[in-house]
Amino acid sequence: MRDIKTLIFKEARLEWKQKSMMGGMVLYVVSTVFVVYLTAKGLVSPNTWLGFYWVILLFASIQSSARSFMHENPARNLYYFSMASPVSIILSKMIYHTVFLSLTCLVHLFIYTLLTGYPVQNSLLFITVSLLGCWGFASTFTLISAISSRAGANTTLMAVLGFPVILPLIMVCTRISIQATSGLDVSVSVKFVLALVALNLLSSTLSVILFPYLWRE
Amino acid sequence: MVSWWKILCIACLTFALIGGFLLPVPALPILHESIRNLYYHVPMWFTMMFLMSVSLYHSIKFLSSNQIRHDLWADLSARISMVFGTLGLLTGMLWARHTWTAWWVNDTKLNGSAITMLAYLAYFVLRNSMDEPQKRARISAVYNVFAYVFMLVFIMVLPRLNDSLHPGNGGNPGFVSYDLDNTMRMVFYPAVLGFILLSWWILRLRIAMSDHKTPTE
């Protein structure tokens, strides 16, 4: 437990030292939102608003997860391998990325609302599904990033591997988001939220089980 | 080499092909006798899942034992499963054209099966990106496990969550035991068995071909 906490703080400290990376993420999100705002040209229907929202969040999560394994050099990896168990490493990376992506998501929502409006009626449900979605993206993409870093550190490969697998998550998230914008009673969404939590637990568990096989050299 | 299961395969498939077209089925007003598609479309998917399970089994065996032979089996069974998956999609589209007058509809089960194909195609892209056999085997085995679990989610879990046009989901008659009459069952079960045995035969031949080219231990 203690090494996981140490590793999380290590990631946070490394990130804080290179503030350009964090700034880069925020800039990425803001620029993408701006592109959407300019191309959509005015009022969009709630479903379109949601579509753009989730696509921007998806691409932001790929960007942030790609940095998790791709930029580490082999010497440092060997050091980590001798210091901590693979389970601690993957858990710390997943937790760190979930937190980071959640913060990015809130920034994204703020800027997006500022520029394109806010058709959501049930805000609590919408924020919940956004944060759960961030957890799902972070856990899936962390493992995919680990796989593609071992296979040549190619961002294209990460996208190719990641998109099919992330689709059920997106499908469930957009379903719940549409229910949040339609002003339906919360009881309609409960089973989908539970399914989302189950999906996230599934991908997190799988990542933790499978990562040790990747970590072996 | 003549084996009992090869003879059984030929017998089952001959019966399924001839009986599938000549034995009586319920004829309905708009659908006519297009239910005959059941005899061919569904076994394609069962066969695909059977082969993907074989691939999963060998991936897990490789991860635990590191014997390269398991990687060969995992790769070839995944490849043949793609063939059957494509045939499943094509037979489905043919039926869809006659029943729903569209080659494709925006339906959870259809999208889920297409995305499964994409996930396994990404598996092949991943394999191609690595040269060293042991590393390729290990990393693709990890992704194979991931893709299989998500395949189960796409094909089994999601269609039950959402409404669907596809027979067997969304309240439509399909696989429940009282939906298939005994004459149809008489053709359906041999068809499933025949196609699974056929896929096994093809797999064994492919393994033998590969052994002939480059023997592995």
Side-chain angles (χ1 to χ4, degrees), chain A residues 86 90 136 139-172 174-176 178-179 189-196 198-217, chain B residues 56 59-66 70-71 85 106-132 134-164:
Chain A
I90 188 78
S139 56
T140 313
F141 278 122
T142 309
L143 184 72
I144 300 282
S145 166
I147 292 177
S148 60
S149 75
R150 282 274 181 271
N154 195 344
T155 324
T156 318
L157 186 64
M158 195 179 145
V160 166
L161 289 177
F163 280 137
V165 174
I166 211 75
L167 280 163
L169 189 69
I170 292 203
M171 282 165 72
V172 177
T174 45
R175 181 90 183 214
I176 305 175
I178 291 176
Q179 288 165 350
S189 314
V190 168
K191 78 169 180 184
F192 291 102
V193 174
L194 288 175
L196 184 55
L199 258 179
N200 287 349
L201 284 172
L202 180 70
S203 61
S204 305
T205 316
L206 262 181
S207 302
V208 170
I209 295 175
L210 291 173
F211 184 71
Y213 293 104
L214 286 175
W215 196 238
R216 274 185 222 158
E217 266 300 320
Chain B
L56 175 79
S59 288
I60 295 179
K61 289 288 277 189
F62 176 80
L63 286 177
S64 57
S65 72
N66 272 314
H70 288 298
D71 178 60
N106 186 17
D107 175 81
T108 314
K109 191 128 188 175
L110 272 67
N111 289 335
S113 38
I115 294 163
T116 305
M117 303 281 296
L118 281 178
Y120 273 83
L121 287 173
Y123 171 72
F124 297 123
V125 170
L126 179 65
R127 287 191 71 92
N128 268 328
S129 68
M130 294 177 281
D131 285 326
E132 200 219 304
Q134 273 283 337
K135 190 166 91 150
R136 175 173 58 202
R138 195 162 31 95
I139 295 175
S140 53
V142 169
Y143 184 72
N144 194 340
V145 174
F146 205 63
Y148 185 85
V149 173
F150 275 88
M151 178 273 285
L152 289 179
V153 171
F154 285 129
I155 296 186
M156 306 260 156
V157 174
L158 282 186
R160 279 170 179 66
L161 272 184
N162 298 333
D163 286 326
S164 178

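So that the names make sense, note that chain A is the first sequence line, chain B the second, and so on, each numbered from 1. Just so you know, these numbers use all the heavy atoms, side chains as well, and skip hydrogens, waters and symmetry mates.
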Self-check item: Toward chain A, the part of V142(B) with a non-hydrogen atom under 4.5 Å
Solution: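 For V142(B), backbone and side chain are both near chain A.
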Quiz prompt | Contact class of F146(B) relative to chain A, heavy atoms under 4.5 angstrom | solution =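 Both backbone and side chain.
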Taking all atoms of both residues into account, what is the closest heavy-atom pair of [X] and [Y], and its distance?
X: R150(A); Y: K135(B); answer: O-NZ, 3.0 Å
X: Y213(A); Y: L63(B); answer: CE2-O, 3.6 Å
X: I139(B); Y: A151(A); answer: CD1-N, 4.5 Å
X: P164(A); Y: F154(B); answer: O-CZ, 3.0 Å

Quiz item: Given a strict heavy-atom distance threshold of 4.5 Å, which part of I209(A) is in contact with chain B: side chain, backbone, both, or neither?
Solution: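 When you check distances to chain B, no heavy atom of I209(A) falls under 4.5 Å.
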Self-check item: Contacting moiety of F192(A), where chain B heavy atoms sit under 4.5 Å
Solution: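 When you check distances to chain B, only side chain atoms of F192(A) fall under 4.5 Å.
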Quiz item: S129(B) and side-chain contact (heavy atoms from CB on, under 4.5 Å): which partner among L161(A), L157(A), V160(A)?
Solution: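 Result: among L161(A), L157(A), V160(A), L157(A) is the only option passing the side-chain contact (heavy atoms from CB on, under 4.5 Å) with S129(B).
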Self-check item: Results of salt bridge (Lys or Arg N to Asp or Glu O under 4.0 Å) for R127(B) - residues two or more places apart only
Solution: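 For R127(B) the salt bridge (Lys or Arg N to Asp or Glu O under 4.0 Å) partners, ignoring immediate neighbours, are D71(B), D75(B).
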Quiz item: When you look at Y143(B) and L214(A), which way does the side-chain contact (heavy atoms from CB on, under 4.5 Å) test go after all the steps?
Solution: CA-CA 10 Å; Y143(B) 184 72; L214(A) 286 175; over 6 Å; no
Quiz prompt | For chain A, which residues of residues 111-120 of chain B have heavy atoms nearer than 4.5 angstrom | solution =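 The stretch touches chain A at I115(B), L118(B), A119(B).
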